[in-house]
Amino acid sequence: MNFLNLELYLDHIKDNGYRCTPQRSNILSYFIGQKNRFVTAKSVTDHLRNTMGYVSFDNVYRNLYLFKDIGIMDLTS
């Protein structure tokens, strides 16, 4: 799925029965700003910690896998 703005991503999350939390919104904003570059979970966690305070690495991973499961993004190993 190739959405062009944050609102479309957030609507897709809602349409799949999930809440649009501030962390999810910030993660998606970070990815949108990266313009199709590969991004690590560590860089996402660091970004969220700089913008939101403490965020657990596990929480970032859970959200990334949620985004994968509902078709927003692909993950690589």
Side-chain angles (χ1 to χ4, degrees):
M1 221 169 264
N2 188 12
F3 294 131
L4 299 177
N5 69 42
L6 181 60
E7 290 302 315
L8 290 175
Y9 284 115
L10 296 175
D11 287 342
H12 187 69
I13 290 170
K14 290 178 198 172
D15 291 344
N16 281 275
Y18 296 96
R19 293 182 325 139
C20 293
T21 64
Q23 283 183 350
R24 289 177 181 156
S25 178
N26 279 323
I27 291 170
L28 291 171
S29 293
Y30 180 69
F31 274 95
I32 290 169
Q34 296 303 307
K35 306 265 189 223
N36 295 322
R37 293 184 206 144
F38 286 103
V39 176
T40 65
K42 171 90 169 91
S43 69
V44 174
T45 303
D46 291 343
H47 170 75
L48 289 180
R49 286 180 179 166
N50 289 332
T51 59
M52 299 183 73
Y54 180 75
V55 175
S56 76
F57 196 65
D58 291 341
N59 192 306
V60 171
Y61 256 99
R62 281 191 299 272
N63 280 301
L64 293 176
Y65 276 96
L66 167 68
F67 297 158
K68 179 189 86 60
D69 289 343
I70 63 174
I72 289 178
M73 67 178 58
D74 295 322
L75 302 179
T76 62
S77 304

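Note that the structure is predicted; figures quoted are calculated from it, not measured. Numbers here simply count residues along the sequence, with the first being 1.
Closest heavy-atom contact between His12 and Asn16: O-ND2, 2.7 Å. Annotation for Leu28 and Ile13: closest pair CD1-CD1, 3.6 Å, computed over non-hydrogen atoms. For the pair Arg49 and Ser56, the tightest heavy-atom approach, listed with the atom from each and the gap, is NH2-CA, 4.2 Å. Between Glu7 and Asn5, the shortest heavy-atom contact is N-OD1, 3.1 Å.
The distance from atom CZ of Arg24 to atom CG of Leu10, rounded to the nearest 0.5 Å, is 10.5 Å. Remark: Leu48 CG to Phe57 CZ distance equals 11.5 Å, nearest 0.5 Å. Summarising the geometry, atom CG belonging to Asp69 is positioned 6.5 Å from atom OH belonging to Tyr18; distances are rounded to the nearest 0.5 Å. Residue Gln34 holds its CD atom at 11.0 Å from CD1 of Ile32, rounded to the nearest 0.5 Å. For the atom pair CD1 (Ile27) and CE (Met73), the distance works out to 8.0 Å, reported to the nearest 0.5 Å. Put simply, OG on Ser43 and CZ on Phe31 are 7.0 Å apart, with the number rounded to the nearest 0.5 Å.
For Asp74, the CG atom is loosely surrounded, since the number of other residues' heavy atoms within 6.0 Å does not exceed 12.
At a threshold of 4.5 Å between non-hydrogen side-chain atoms, the residues Lys42 and Asp46 count as touching. Using a 4.5 Å heavy-atom cutoff, the side chains of Val44 and His47 are not in contact.
In summary, the side chains of Asn59 and Asn63 do present a donor paired with an acceptor at a separation below 3.5 Å, with no hydrogens or angles considered.
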Pair Val60, Gln23 - check side chain to side chain contact (heavy atoms under 4.5 Å, CB included), show working.
CA-CA 8 Å; Val60 171; Gln23 283 183 350; over 6 Å; no
